[in-house]
Amino acid sequence: MYWEKDIETMGREKLAALQLEKLKETLIKAKRSVYYEKLFQKIGLNADRVTGLDMIQEIPFTTKEDLREHWPYGFVAVSKDELIRMHSSSGTTGRATVIFHTAGDIEKWTNLVARSMYMAGMRKGDVFQNMMSYGLFTGGLGFHYAAEKVGALVIPAGAGNSKRQIQLMRDFETTVIHIIPSYALHLSTVFEEMAVDPRKDTKLRIAFLGAEPHSEKMRRKIEDIYGFKGFNSYGLSEMNGPGVSFECTYQNGMHIWEDQFFVEIINPKTLKRVPDGEEGELVLTTLVREGMPIIRYRTKDLTRILPGPCECGRTHRRIERIKGRTDDMMILKGVNIFPIQIEKKLMGIPGVGINFQIILEREGYNDYLTVKVEVQKEFFAGDLKQLEGLRHRIVEELKSDILITPKVSLVEPGRLPKSEGKAVRVIDNRKE
Ligand code: AMP
Ligand code: ZN
């Protein structure tokens, strides 16, 4: 049941002691980088004098901008010939950041993802098809080596090429996949076109769903279509990539691996820590990384710590599924809206298809939000009243949650742009 029982079920006190020891080591290592050397000097930090975990609050946060400004090697804390791998972020919000790993880093990361996959139930004997892009993105290689470590037969399918994906699944009897949730929905339409039923005609039993925010309703919808269990997998390249936080078989929040990451949740405005249970921005510190330690990294991801222990017996705390990034938040007529709120509502309305897009526009001083929603094809074949009824229902349901009245336009299946990577949900035309 456990990959590393001692670590996964370690008592909280022992875990805190381990974290303190690792934090001190990390600070000593980090000081060897150009960036932290300067920073520690500025704030007068002496790693040897750190006597408690709370003292981490004296160190300023590290941001994506800091990583960019010290691009490419300013955070590297070992001599360059110790580095064996580079990865980068997807770069959706500007210049991609790069992360470097030593051999030891790769080994620890691989083990962490293996621990996560094992936790969700993958075993030697499984056939694992990795449908993430291989290359700079961490979801390809990160999962690949970990699945091999667990002992699964790995099919490095990469992203896209939907028909071939389905063919591979059938020919080699894939049991476990790693897939982006929006792509899983798109792929289901290709299954339909090929007249293949994923529930009956494949052996799929587990899916790792990650890389983008998705609601509980969306997970359930995907599980329903495919007949597998879908596990939420969270990570970011700055913290290696996948393997930061992962669901166990109870599917009730993601365990965040506290032997390798120090976790804080802050209020993104006041930058003060919030208590467990309260929503805020996730801030992470690497505890075991050698090549490029990062301290108090502002992930911009919004979540909260779920109070109480998990029935699985693991002591590492759980975070709630990510609500979105602070920079995904749309502000309209003074109301804060996250794309996931819209997704959650849409997924609960019968007749709604698998894709949607949010468009923001400005006329004079007024902002407008339009949601384009794909609708199941029967609705377009049926009478117009039914279609108008559905449109009306969508407007009302969205309004009840986001508090403003959106424009809703219904489109036929397959009409909205689809992506093989992270879905682009929002088009903001407000910027002049
Ligand atoms: P990257 O560094 O390019 O791999 O992107 C990492 C970002 O993807 C994270 O900071 C999150 O915003 C997002 N992300 C990754 N996994 C998840 C997940 N399971 N749920 C929600 N967002 C995710
Ligand atoms: Zn658990």
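We count ligands from 1, going down the list as the structure has it; atoms in each ligand are counted the same way. Just so it is clear, the values below take in all heavy atoms, side chains as well, and ignore hydrogens, waters and symmetry mates.
- Of the heavy atoms in L236, both backbone and side-chain atoms come closer than 4.0 Å to ligand 1.
- With a 6.0 Å cutoff to the six-membered ring centre and a 45° limit on the axis angle, R123 counts as a cation-pi contact of Y118.
- Because its NZ or CZ atom is not both nearer than 6.0 Å to the ring centre of Y183 and within 45° of the ring axis, K418 does not count as a cation-pi partner of that residue.
- In the vicinity of S90, heavy-atom distances shorter than 4.0 Å reach the ligand 1 atoms 1 (P), 3 (O).
- Atoms of ligand 1 found under 4.0 Å from any heavy atom of F137, numbered from 1 in the order shown, are 4 (O).
- Of all the atoms in ligand 1, the ones that sit under 4.0 Å from a non-hydrogen atom of S89 are 2 (O), 3 (O).
- The shortest heavy-atom distance from G235 to ligand 1 is under 4.0 Å.
- Closest heavy-atom approach to atom 20 (N) of ligand 1 among the candidates H87, E212, K323: E212.
- Close contacts of ligand 1 with R325, meaning ligand atoms under 4.0 Å from a residue heavy atom, involve 10 (O), 12 (O).
- Figure legend: R85 and F100 shown without cation-pi pairing, the cationic atom not lying both under 6.0 angstrom from the six-membered ring centre and within 45 degrees of its axis.
- Heavy-atom proximity to N232, at under 4.0 Å, picks out these atoms of ligand 1: 18 (C), 19 (N).
- Between K422 and ligand 1 there is a heavy-atom distance shorter than 4.0 Å.
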